[in-house]
Protein chains: 2
Amino acid sequence: MVQVLSIVKSYQNEFTKTEKVVADFILENPSIVVSLTTKNLAVQTGTSEAAIIRFCKRIGINSFTDFKIALAKDLDFNKEEPFYDSPIQLEDDTQDLVNKIFSRSSQALQNTSQLLSIEELEKAIDLIHSANRVYLYGAGGSSIVAQDFTLKLLRINITASHHQDIHVQMMSAANMNKDDVLFVVSTSGETKEVLELLTVAKERGTPAILLTQKKKSKARNKANVILDTSLEEQSIRIGTTAARLTQLAIVDTLFTGICIRKGDKIYNYIFDTHDATSRRND
Amino acid sequence: MVQVLSIVKSYQNEFTKTEKVVADFILENPSIVVSLTTKNLAVQTGTSEAAIIRFCKRIGINSFTDFKIALAKDLDFNKEEPFYDSPIQLEDDTQDLVNKIFSRSSQALQNTSQLLSIEELEKAIDLIHSANRVYLYGAGGSSIVAQDFTLKLLRINITASHHQDIHVQMMSAANMNKDDVLFVVSTSGETKEVLELLTVAKERGTPAILLTQKKKSKARNKANVILDTSLEEQSIRIGTTAARLTQLAIVDTLFTGICIRKGDKIYNYIFDTHDATSRRND
DNA sequence: AAATAATGAAATAAAATTTTAAAATGTGTT
DNA sequence: AACACATTTTAAAATTTTATTTCATTATTT
């Protein structure tokens with residue numbers, strides 16, 4: 001249990017009237033007290049600054065500042081970080097939005113990292129690492145994930161083929177063979193274009209990696225490697241951003257894994273050994 | 001989870017020489033710092049009291065006392081050494097990569113949500129909400145963020161103009177006027193094209209919103225509203241994914257804020273009241 | 001060479017602590 | 001019960017310590 005607060009409690013019978021008032025206020029508002037001054041706290045409790053100092057000494061703590069530090073240290077024990085689970089509402093103010101959106105996103109990442117199959121990840125890394133050419137496609141909004149991965153791969157000299165226009169992408173994919181890899185992102189796994197690409201891949205003997213969210217879909221059956229992002233409770237219909245974030249994090253993991261496979265050659269180029277600022281990504 | 005220390009670390013590249021000395025001391029002796037005064041810490045680090053205060057402000061905390069309180073809150077958690085802390089290495093196995101990359105990303109989100117200025121966010125939301133037309137541009141890898149936002153805005157019937165090709169974007173931007181808004185993403189804030197766009201915006205009286213990471217850059221001085229993503233401890237030179245994730249989360253927040261401004265009309269369309277699956281984003 | 005940024009010393013402001021004197025409470029004596 | 005005396009508690013004021021701002025100087029960039 002909370003140390004300082006329990007000390008305060010244990011002194012209940014020893015306190016004078018004024019001290020008791022101070023103690024009660026502290027017990028009820030520990031997190032507020034942490035950022036008050038002696039003057040503030042004196043006003044809030046209807047006592048005096050001297051009373052606050054005396055209170056600290058009484059419970060065996062040398063100064064008010066020390067008391068606040070000790071209190072702050074203890075508070076965190078309680079503070080398992082706030083998780084803003086409630087749905088987004090019209091009444092939410094901007095701070096609510098930040099809390100909810102960021103904590104959800106962060107939660108989605110943590111969930112995914114727990115559920116992610118290391119085995120499938122390694123299959124994907126190996127396939128891409130040893131592929132002759134990588135064809136990347138992201139359906140609709142997921143296209144940015146495919147794009148991000150494409151840019152990364154090009155940087156380390158892996159031949160990556162990506163086109164936003166699905167027809168161009170199909171034309172390009174028509175040349176796939178078994179030494180290539182198809183990498184598709186489809187949150188739902190039901191997108192028509194993705195299914196078509198996967199079918200072509202199968203016909204041509206090209207291994208396919210699917211980055212998806214739905215646990216059951218037509219696309220799953222057609223892919224060789226499946227990377228799952230955690231499900232999210234959607235509360236907004238437009239823009240499944242949390243899913244997008246986890247997809248990007250998976251892509252980042254794949255990319256880093258590939259870099260490591262490439263080993264020493266790439267090490268100095270890729271890893272930030274000395275000057276992080278020298279190379280921009282913007 | 002060790003927020004303040006991780007924020008301090010993330011600023012490593014932004015610090016001046018003196019600030020770096022202070023940061024190093026804090027990182028090595030967090031539990032001591034908690035009970036030091038500005039003077040003490042100044043002496044211990046061979047700097048000045050002013051330098052200590054400046055240090056706190058630099059990392060976005062507005063007083064030394066607040067800094068100490070925040071630090072004290074974090075200290076107990078410190079016991080379990082978090083893995084995102086160690087750099088990615090050639091020897092890491094896939095599980096290590098997942099742990100490091102995901103926990104860093106998650107950390108970056110948390111840091112950003114703490115430091116994000118609600119005031120600037122609201123300015124941005126209002127500007128976009130009431131703009132006649134929004135011009136979006138993302139430099140290099142950040143283009144996917146601009147793209148993501150563009151897709152979202154188009155869905156709620158806001159006129160959004162985005163082009164991957166900077167020349168087309170410039171041509172389009174040449175028509176900007178004061179009822180429009182320019183929204184640019186530039187992690188470094190030094191990208192030539194972004195600076196040009198900002199200059200054009202200024203000439204034409206168009207308010208500009210900048211989504212960036214660096215705390216000091218040429219672009220900052222040219223923008224009307226600045227949205228900061230938290231700095232990250234870069235350990236890989238290619239692909240500032242953590243920054244990208246936080247940028248996307250900020251975009252998501254802006255978007256949701258705009259939807260809320262639009263109110264009832266949009267509510268049933270946007271918010272998931274019953275069937276989340278009916279509308280795909282893929 | 002001029003502009004810009006970083007820095008510490010000194011001045012100022014704010015906060016914490018101690019001192020002090022008055023008020024309240026308690027104790028023993030008649 | 002009434003009084004004197006001692007003790008404790010208290011808050012206002014004085015003092016000390018700590019935090020913050022200002023400003024002139026030095027370093028760095030452009």
(request) Consider only side-chain N and O atoms of B/T212 and B/S186, and report whether a donor and an acceptor are under 3.5 Å apart. (result) no
(request) Take B/E14 and B/R58 through the test salt bridge (charged side-chain N to carboxylate O under 4.0 Å, His left out) and record every step on the way to the result. (result) CA-CA 9 Å; B/E14 300 280 321; B/R58 165 83 68 176; 5.5 Å; no
(request) Could you state the atom-to-atom distance from CD of A/E49 to C1' of D/dT17 in whole Å? (result) 14 Å
(request) Using heavy atoms to find the nearest nucleotide of DNA chain C for B/A51 and B/N221 separately, return the residue whose nucleotide is more 5′. (result) B/N221
(message) Report for the helix from C/dA1-D/dT30 to C/dT30-D/dA1: angle between first-end and last-end helix axes, five pairs each, rounded to 10 degrees.
(response) 20°
(request) Verify the contact: side-chain N or O of B/K68 to OP1 or OP2 of D/dA19, cut-off strictly under 4.0 Å; return yes or no. (result) yes
(message) Check whether B/E120 reaches the backbone of B/I226 with its side chain - one donor and one acceptor, N or O, closer than 3.5 Å.
(response) yes
(request) Quickly work out the B/R54 CZ to D/dT22 P distance and round it to whole Å. (result) 13 Å
(request) Using only heavy-atom distances, determine whether the side chains of B/T229 and B/T112 contain a donor-acceptor pair under 3.5 Å. (result) no
(message) How many whole angstroms separate atom CG of B/N40 from atom P of D/dT18?
(response) 7 Å
(message) Treating B/S103 as the side-chain partner and B/N99 as the backbone partner, does any N or O pair qualify as donor plus acceptor under 3.5 Å?
(response) yes
(request) Starting at CD1 of A/I101, measure out to CG of B/D252 and round the result to the nearest 0.5 Å. (result) 4.5 Å
(request) Assign each of B/K17 and A/E19 to its nearest nucleotide of DNA chain D by heavy atoms, then name whichever residue's nucleotide is nearer the 5' end. (result) A/E19
(message) I'd like to know if the side chain of B/Q213 pairs up with that of B/Q247 as donor and acceptor (distance under 3.5 Å, no hydrogens or angles considered).
(response) no
(request) Give the intermediate values and the outcome of salt bridge (charged side-chain N to carboxylate O under 4.0 Å, His left out) for residues A/D24 and A/K9. (result) CA-CA 9 Å; A/D24 287 347; A/K9 259 186 203 156; over 6 Å; no
(request) Using a heavy-atom cut-off of under 4.0 Å over every strand shown, decide if A/A50 touches base, sugar-phosphate, or nothing. (result) base
(request) Sequence neighbours left out, what pairs pass side chain to side chain donor-acceptor pair (under 3.5 Å) with at least one residue falling in residues 25-36 of chain A? (result) none
(message) Whole angstroms only, please: what is the CG-P distance between B/L41 and D/dA19?
(response) 10 Å
(request) Specify the residue among A/K39 and B/G46 whose closest nucleotide of DNA chain C lies further upstream toward the 5′ end. (result) B/G46
(request) Give me the first and last nucleotide of DNA chain C, going 5' to 3', that has any atom under 4.0 Å from a heavy atom of chain A. (result) C/dA15 to C/dT18
